[in-house]
Enquirer: 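Got a structure here, written out as C-alpha cells. Questions coming.
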Number of protein chains: 2
Amino acid sequence: MATDGTSVQATKTTFEIIETLHELNGAGVSELAGELEMPTSTIHDHLQTLTEMEYLLNNDGTYHVGARFLHLGEKSRTRMKVYNVARPQVEELASKTNEHANLMIEEHDWGVFLYKDRGADAVQLDTYAGMRVPLQTTALGKTILAHRPREEVESILDRQGLVAVTENTITERERLFDTLEDVRERGYAFDDEERVDGMRCVAAPITDSDGRAIAAISVSGPKSRMMGETFTDELPNLVRRSANVIEVNLTYS
Amino acid sequence: MATDGTSVQATKTTFEIIETLHELNGAGVSELAGELEMPTSTIHDHLQTLTEMEYLLNNDGTYHVGARFLHLGEKSRTRMKVYNVARPQVEELASKTNEHANLMIEEHDWGVFLYKDRGADAVQLDTYAGMRVPLQTTALGKTILAHRPREEVESILDRQGLVAVTENTITERERLFDTLEDVRERGYAFDDEERVDGMRCVAAPITDSDGRAIAAISVSGPKSRMMGETFTDELPNLVRRSANVIEVNLTYS
DNA sequence: GCTCATCTCCGGTATCACCGGAACAATTAT
DNA sequence: ATAATTGTTCCGGTGATACCGGAGATGAGC
C-alpha cells in the first residue's frame with residue numbers, strides 16, 4: 001500500500017471497514033477481520049472509535065452503519081440547488097407517466113442517482129438515492145457525457161473504462177462517441193436494456209448557460225410499456241420539457 | 001485529548017473535518033484549519049485522502065461532502081424493516097391530513113428522523129431525514145421514551161441531560177416522567193411548541209411484541225390548524241391507527 | 001464443567017500522522 | 001506589469017500512536 005506521504009492510512013482503513021460493514025449489511029469484529037484480512041484488534045479499535053462517535057451501532061457484537069451518514073448525505077443533498085429545483089419536476093414526471101423518474105448528477109466520474117420517484121405502475125427497481133453507476137450504462141449518464149467536452153469524456157473513460165453490464169452495454173469507445181453525437185443532436189438519450197435487462201429509459205440533460213451538463217432527468221420502465229410512439233416521441237418531449245423548466249428555474253432563483 | 005488506547009485519533013480528526021465541512025456547507029483548507037485550530041497541512045492530508053476515496057469533492061480548493069454519504073445512509077435506511085413498512089403509512093398520513101408526517105427512531109440516545117412527507121398544506125420546516133433531536137423535545141421522542149423501561153430512560157437522561165429548546169420544553173426530570181406516564185396511558189403524545197415555536201405535533205409509538213418502542217410516527221403542523229377536536233381526537237386516532245397498521249405489518253412480513 | 005468461538009483489553013514498537021516551513025498558484029492592489 | 005496577499009500543495013523529520021500479538025473476558029453449545 002504505497003502511501004503518497006500526504007495520505008492518512010487510518011482514514012482509509014476506517015472507511016474500508018465502514019464500506020465492508022455496509023456491504024455485509026452489518027457484521028461482527030472477526031467477520032470483518034476475515035473479510036479485510038486485518039487483525040481483529042485493529043478492526044476492533046476502529047469499530048470502537050466509530051461507535052463512540054455515534055457513526056456506527058453495536059447490537060450485541062454486530063455492528064451496523066448508523067443514521068449519521070444519512071444526516072450527512074441528506075443535508076448535503078438538500079443544499080444542492082439542482083436537487084431542490086428538479087425534485088418537483090421529477091415527481092411530476094413520475095405521476096404523469098406512472099413510471100420511474102430519476103435525477104442524476106456526475107461525481108468522481110460516476111453517475112449518481114440523486115433522487116427517484118415511483119409512479120403508480122412503476123416496477124421494482126434496484127435504484128436508490130446515492131447509488132453510483134458507470135455513466136455510459138444509462139441514458140442519464142449518456143446525456144451528461146454528451147454535453148461535456150470530448151477531452152473530459154476521454155479522461156473519464158481512461159479512468160473508468162467501459163465495463164459491460166448487460167449484453168447491450170456500449171463497450172467500444174468509438175461507438176460511444178457516435179452515440180453521444182446522436183444524443184447531442186437529438187437533445188435526449190435512450191437506454192435500451194443497457195444497464196438492466198428488460199428496462200428502457202429516456203433521459204434529457206440539464207445544462208448550464210455554457211451548455212455544460214450539470215445533471216440529467218429521465219423516465220424508465222419495462223420494455224413492454226416503453227415502445228412505439230410513446231418511447232420515440234411522447235416521453236422524449238415530456239422529459240425535455242421538464243429539463244427545460246428546471247434549467248429556467250435554475251437561472252431565475 | 002485522552003486516548004483510551006483503543007481509539008483511533010486519525011479517524012476522529014477525519015470525521016471532525018467532515019462534520020465541520022458539512023456545517024460550513026463547504027470550505028477551503030485554511031478556513032477549516034482556522035475553525036478546528038489545526039495546521040493547514042494536517043487538514044490538507046485528510047481532505048486529500050477523503051477526496052481520493054471519493055467521499056469529498058474538490059471544486060477549485062473548496063471542499064464539499066459528496067454523495068457517498070448519501071449512498072451509505074440511504075442504503076442502510078432501506079434495509080431497515082420499519083422504514084419500508086412505515087413509509088407508505090407516513091405518506092398516507094401526510095396526504096390525509098395535508099400536514100407534515102414523520103417517522104422517528106432512537107439511536108445513541110437521540111431521536112432520529114428517518115422519513116418525512118409533506119402534505120399539501122405543510123408549512124416549511126427544518127426537519128430532514130437523518131436529523132437528530134433530543135428525544136424529550138418531540139412528541140415522537142416522548143412516545144419512544146414512554147415505551148422503554150424507566151432505568152433505560154434514566155440512563156439516557158444521565159448522558160443527554162434535559163436541554164431546553166423553546167420555553168415549553170420539559171426540563172425537570174420528574175415532570176418528564178409524569179408526562180411519559182400520561183403518554184403511556186393515552187397511547188399517544190402531544191408536543192405543544194416544545195421544539196419549534198408555533199408548531200404542534202401528535203405522535204404514536206410503534207412497539208414490538210414486548211411493548212418496547214422501536215419507532216414512532218407523527219403528524220405536525222402549525223398551532224392554528226392543530227387545535228380543538230382535530231388536535232385532541234381526530235389526529236390521535238389517525239396516528240394510532242397508522243401505528244397499528246405498521247405494527248401488524250411488521251409482524252407478518 | 002469444558003470447549004470453542006468471539007469480542008475486549010492491554011502494552012510494546014515500528015510506523016506514519018502530524019506539523020513547520022517552503023514552494024506554488026491565484027487573486028487583488030498598486 | 002509588478003508586488004502583495006491569501007490560500008493551497010508539497011516535503012521531510014520526528015514523536016505520538018495506529019497497529020498488532022497475545023492474554024483475558026464473555027457466552028453459547030454440548
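Only a predicted model underlies this, so the values are computations on that prediction, with no experimental measurement involved. First the proteins, then the strands, lettered A, B, ... as listed; each starts at 1.
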Enquirer: Strictly below 4.0 Å: does B:Tyr63 bring a side-chain N or O up to OP1 or OP2 of D:dG7?
Expert: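 Looking at the OP1 and OP2 atoms of D:dG7, neither is under 4.0 Å from any side-chain N or O of B:Tyr63.
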Enquirer: Show me the pairs that pass ring pair (Phe, Tyr, Trp, His ring centres under 6.0 Å) and involve residues 22-60 of chain A, at least two apart or across chains.
Expert: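 Those involving residues 22-60 of chain A are A:His22-B:His71, A:Tyr55-A:Phe69, A:Tyr55-B:Phe15.
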Enquirer: What is the distance from CD of A:Gln48 to C1' of C:dC10, rounded to the nearest Å?
Expert: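 Checked: the CD to C1' distance equals 13 Å.
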Enquirer: Does A:Glu172 reach the main-chain N or O of A:Arg175 with its side chain, forming a donor-acceptor pair under 3.5 Å?
Expert: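 Pair absent, no side-chain N/O of A:Glu172 close to backbone of A:Arg175.
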Enquirer: A:Ala139: which residues meet the side chain to side chain contact (heavy atoms under 4.5 Å, CB included) condition with it, sequence neighbours left out?
Expert: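 Scan of A:Ala139 (side chain to side chain contact (heavy atoms under 4.5 Å, CB included), adjacent residues dropped) gives A:Ala189, A:Asp191, A:Cys201, A:Ala203.
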Enquirer: Among C:dT8, D:dA18, D:dT9, which is the nearest nucleotide to the side chain of A:Val29?
Expert: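 For the A:Val29 side chain, the nearest candidate turns out to be C:dT8.
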Enquirer: Using the test side chain to side chain contact (heavy atoms under 4.5 Å, CB included), find all partners of B:Asp182 that sit at least two apart in sequence or belong to another chain.
Expert: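 Only B:Arg186 meet the side chain to side chain contact (heavy atoms under 4.5 Å, CB included) criterion with B:Asp182.
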Enquirer: What heavy-atom pair brings B:Leu56 and B:Val65 nearest, and what distance separates the two atoms?
Expert: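 Shortest heavy-atom contact: CD2-CA, 3.9 Å.
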Enquirer: Ignoring hydrogens and geometry, is there a side-chain-to-backbone donor-acceptor pair from A:Arg77 to A:Leu114 under 3.5 Å?
Expert: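 Pair found, side chain donor or acceptor close to backbone of A:Leu114.
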Enquirer: Strictly by side-chain hydrogen bond (donor to acceptor under 3.5 Å, both in side chains), give each pair with a member in residues 56-67 of chain A just once, sequence neighbours left out.
Expert: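 Applying side-chain hydrogen bond (donor to acceptor under 3.5 Å, both in side chains) to every pair that reaches into residues 56-67 of chain A, excluding sequence neighbours, yields A:Asn58-A:Tyr63.
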Enquirer: Rounded to whole Å, please give me the gap between CG in A:Leu32 and C1' in C:dC7.
Expert: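 Result: 12 Å.
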Enquirer: To the nearest Å, how far apart are B:Gln9 CD and D:dG15 P?
Expert: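 Interatomic distance, CD of B:Gln9 to P of D:dG15: 19 Å.
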Enquirer: Roughly how many Å is it from NE2 in A:His46 to C1' in C:dT8, rounded to a whole number?
Expert: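 So the NE2-C1' distance, A:His46 to C:dT8, works out to 16 Å.
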Enquirer: Figure out the CD/C1' separation between B:Glu52 and D:dT9, and round it to whole Å.
Expert: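 Atom CD in B:Glu52 sits about 13 Å away from atom C1' in D:dT9.
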Enquirer: Roughly what angle, to 10°, lies between the helix axis at the start of the helix from C:dG1-D:dC30 to C:dT30-D:dA1 and the one at its end, five pairs per end?
Expert: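 Inter-axis angle at the ends, rounded: 50°.
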Enquirer: Report the residues that fulfil side chain to side chain contact (heavy atoms under 4.5 Å, CB included) with B:Ala215, sequence neighbours left out, ordered by chain and then residue number.
Expert: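 Partners of B:Ala215 under the side chain to side chain contact (heavy atoms under 4.5 Å, CB included) test: B:Val82, B:Leu103, B:Ile105, B:Ile206.
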Enquirer: Could you tell me the separation between the CG atom of B:Leu47 and the P atom of C:dA17, rounded to a whole number of Å?
Expert: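 Nearest whole value for this atom pair: 15 Å.
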Enquirer: Atom pairs under 3.5 Å, N or O on each side, protein against nucleotides 19-24 of chain C: can you list them with distances?
Expert:
from	atom 1	to	atom 2	distance (Å)
C:dC19	OP2	B:Thr42	OG1	2.5
C:dG20	N7	B:Ser41	OG	3.2
C:dG20	O6	B:Ser41	OG	3.1

Enquirer: So what does A:Asn58 hit on the nucleic acid, given a heavy-atom distance under 4.0 Å: a base, only sugar-phosphate, or nothing?
Expert: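 Sugar-phosphate contact only - A:Asn58 comes under 4.0 Å of backbone atoms but never of a base.
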Enquirer: Taking only residues two or more places apart in sequence, or in another chain, which ones meet B:Thr137 in a side-chain hydrogen bond (donor to acceptor under 3.5 Å, both in side chains)?
Expert: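 Testing B:Thr137 for side-chain hydrogen bond (donor to acceptor under 3.5 Å, both in side chains), a comparison that skips the adjacent residues, returns none.
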Enquirer: What residues from residues 17-27 of chain A pass a heavy-atom cutoff of under 4.0 Å to DNA chain C?
Expert: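 Contacts with DNA chain C under 4.0 Å: none.
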Enquirer: Can you pull the side-chain hydrogen bond (donor to acceptor under 3.5 Å, both in side chains) pairs that have at least one residue in residues 29-39 of chain A, sequence neighbours excluded?
Expert: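 Of all non-adjacent pairs touching residues 29-39 of chain A, none passes side-chain hydrogen bond (donor to acceptor under 3.5 Å, both in side chains).
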Enquirer: Has B:Ser30 got a side-chain N or O lying under 4.0 Å from the OP1 or OP2 atom of D:dT8?
Expert: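 Affirmative; the distance criterion is met.
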Enquirer: What pairs with B:Arg132 under side-chain hydrogen bond (donor to acceptor under 3.5 Å, both in side chains), at least two apart in sequence or on another chain?
Expert: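 For B:Arg132 the side-chain hydrogen bond (donor to acceptor under 3.5 Å, both in side chains) partners, ignoring immediate neighbours, are A:Glu54.
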Enquirer: Does A:Ser7 have a side-chain nitrogen or oxygen under 4.0 Å from the phosphate oxygens OP1 or OP2 of C:dC16?
Expert: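 No, because none of the side-chain N or O atoms of A:Ser7 sits under 4.0 Å from OP1 or OP2 of C:dC16.
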Enquirer: Who pairs with A:Arg150 by side-chain hydrogen bond (donor to acceptor under 3.5 Å, both in side chains), at least two apart in sequence or on another chain?
Expert: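 A:Arg150 satisfies side-chain hydrogen bond (donor to acceptor under 3.5 Å, both in side chains) with A:Glu154, A:Glu174 once adjacent residues are dropped.
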Enquirer: What's the NE2-C1' distance between B:His44 and C:dA25, to the nearest Å?
Expert: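 So the NE2-C1' distance, B:His44 to C:dA25, works out to 12 Å.
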Enquirer: Let me know the distance between CG of B:Asn59 and C1' of C:dA26, rounded to the nearest Å.
Expert: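 Rounding to the nearest Å, CG of B:Asn59 and C1' of C:dA26 are 16 Å apart.
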